[in-house]
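Written below as structure tokens is the structure these notes are about.
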Amino acid sequence: MSAIAVRRRTLPGFGLTMGLTLTWLSIIILIPLAGLFLRSLELSPEQFWNILSSRRTLNALRVSFGLAFAAACVNLVMGSIIVWALVRYRFPGRRIFDAIVDVPFALPTAVAGVALTSLFAEKGWLGAPLAALGIKVAFTPVGIFVAMIFIGIPFVVRTVQPVLQDLDPEIEEAAGSLGASRWQTITRVILPSLAPALLTGLALAFARAVGEYGSVIFIAGNLPNVSEIAPLLIVIRLSEFRYADATAIAVVMLVVSFVIIFAVNRLQRWARDRVPAQ
């Protein structure tokens with residue numbers, strides 16, 4: 001009797017599982033986003049442009065995207081340093097510092113906003129010495145920048161950390177034994193291996209900062225055209241029953257965020273392809 005080859009699937013019930021996955025993603029993500037775009041189609045191109053070209057809307061988008069990108073870049077640099085210290089060195093309290101990195105994940109955003117505002121107010125622990133130097137943080141765009149750094153740093157650390165842990169230190173020692181300087185080892189050995197993870201962490205930190213609301217509104221001051229973020233402007237337009245304005249701003253934020261994240265993901269794939277398989 002001839003043997004009958006049976007094709008085994010890694011995931012039993014693939015069709016049912018895929019159907020449930022697509023259904024759940026559609027309910028949670030695709031349908032709400034589609035509803036947002038359909039609502040925006042009710043606006044004529046002229047109405048849509050007038051809403052977006054208003055001074056208040058442009059300034060809110062500039063504050064949100066500009067400060068979010070700046071905060072993500074700072075988190076990329078400082079997060080890499082933190083990861084290096086946590087992975088490559090052993091020191092007292094290392095596990096405590098490693099746990100502290102996750103605090104922005106667990107802390108309610110409103111609590112984070114109140115804590116940062118109290119800390120950086122003109123009479124706060126950090127705000128008072130900064131005010132003596134002529135630097136005001138709370139209720140200014142600088143406060144927004146600080147809050148975005150706070151909520152974004154874990155994304156870089158937790159994205160890069162496992163990759164650096166898998167990177168054998170012997171590779172660095174081999175580069176040094178072949179005559180490479182410390183700078184050459186970092187730029188030609190370490191950074192190319194970490195580049196995909198770094199870009200992923202940058203994208204996640206940026207996306208998190210752009211959509212942040214709770215921790216920002218307490219420390220921002222929320223002055224129109226100065227320190228007003230786009231998510232807050234959307235809430236204001238909804239409270240004013242100006243649903244068309246809120247929808248137009250939300251669509252722009254969604255499209256710009258998607259384009260930026262897509263570009264970063266393409267850079268990530270490009271960087272991964274350039275790194276030879278180990």
Side-chain angles (χ1 to χ4, degrees), residues 21-22 24-25 28-30 33 61 64-89 94 97-107 109 112 144-169 171-172 183 185-216 229-231 252-278:
T21 300
L22 294 177
W24 184 249
L25 289 177
I28 299 299
I29 300 176
L30 298 180
L33 295 183
L61 292 172
S64 289
F65 284 101
L67 293 180
F69 182 74
C73 291
V74 171
N75 281 330
L76 181 66
V77 176
M78 300 309 299
S80 301
I81 296 175
I82 293 173
V83 169
W84 186 266
L86 293 176
V87 174
R88 285 291 190 257
Y89 299 102
R94 184 178 65 89
F97 284 105
D98 188 55
I100 291 176
V101 172
D102 292 327
V103 169
F105 279 145
L107 197 65
T109 55
I144 300 175
F145 179 65
V146 171
M148 288 180 173
I149 291 176
F150 176 81
I151 54 96
I153 190 67
F155 290 92
V156 176
V157 174
R158 293 310 181 211
T159 303
V160 179
Q161 189 173 18
V163 180
L164 185 60
Q165 287 174 339
D166 292 338
L167 187 63
D168 197 337
I171 299 177
E172 305 164 32
W183 178 249
T185 302
I186 292 174
T187 56
R188 298 186 181 183
V189 178
I190 299 175
L191 285 182
S193 300
L194 298 180
L198 290 171
L199 291 174
T200 301
L202 175 69
L204 292 175
F206 171 78
R208 180 71 175 85
V210 166
E212 180 58 19
Y213 179 80
S215 63
V216 172
I229 58 175
V252 171
M253 290 193 66
L254 178 63
V255 171
V256 174
S257 298
F258 177 80
V259 170
I260 293 176
I261 292 176
F262 178 78
V264 172
N265 286 336
R266 294 296 299 177
L267 288 173
Q268 175 192 355
R269 179 175 297 181
W270 172 78
R272 185 187 296 116
D273 293 340
R274 292 180 68 249
V275 177
Q278 297 181 1

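- For the atom pair OG of S80 and CD1 of I186, the computed distance is 11.0 Å after rounding to the nearest 0.5 Å.
- Using a 4.5 Å cut-off on side-chain heavy atoms (C-beta onward), W84 and I190 make contact.
- With a 4.5 Å cut-off on side-chain heavy atoms, V156 and V83 do not count as touching.
- Here S215 pairs with E212 under the side chain to side chain donor-acceptor pair (under 3.5 Å) rule; sequence neighbours left out.
- The shortest side-chain heavy-atom distance between Y213 and T109 does not fall under the 4.5 Å cut-off.
- Aromatic ring centres of F150 and F145: separated by at least 6.0 Å.
- In this structure, CG in L199 is found 11.0 Å from CG in L204, a value given to the nearest 0.5 Å.
- Remark: R188 engages no residue in a salt bridge (Lys or Arg N to Asp or Glu O under 4.0 Å) (not counting sequence neighbours).
- What you find for I153 and P104 is that their closest heavy atoms are CG2-CG, 4.5 Å.
- Judged purely by atom type and a 3.5 angstrom limit, R208 has no side-chain atom pairing as donor or acceptor with the backbone of G152.
- Between Y89 and R94, the closest heavy-atom pair is O-CD, 3.2 Å.
- Across all non-hydrogen atoms, the minimal contact from P154 to V101 is CG-O, 3.2 Å.
- Residues D98 and Q161 meet the side-chain proximity criterion, which asks for heavy atoms closer than 4.5 Å.
- Note on ring orientation: taking the six-membered ring where Trp is involved, the planes of F206 and F69 are perpendicular (angle over 60°, cut-offs 30° and 60°).
- Looking at heavy atoms from C-beta onward, L164 lies in side-chain contact with L194 at the 4.5 angstrom threshold.
- A distance-only check finds a donor-acceptor pair linking the side chain of S64 to the backbone of A230 [under 3.5 Å].
- Using a 4.5 Å heavy-atom threshold, the side chains of L167 and R88 count as touching.
- Using a 4.5 Å heavy-atom cutoff, the side chains of S193 and V163 are not in contact.
- Side-chain contact between L86 and F97 is present, with at least one heavy-atom pair separated by less than 4.5 Å.
- In this structure, CZ in F105 is found 7.5 Å from CZ in R158, a value given to the nearest 0.5 Å.
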TODO: Start with the C-alpha gap between L202 and N75, add the side-chain angles, then the distance that decides, and say whether side chain to side chain contact (heavy atoms under 4.5 Å, CB included) holds.
DONE: CA-CA 8 Å; L202 175 69; N75 281 330; over 6 Å; no

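- Between V160 and the choices L198, I82, V87, L76, the side chain to side chain contact (heavy atoms under 4.5 Å, CB included) rule is met once, by L198.
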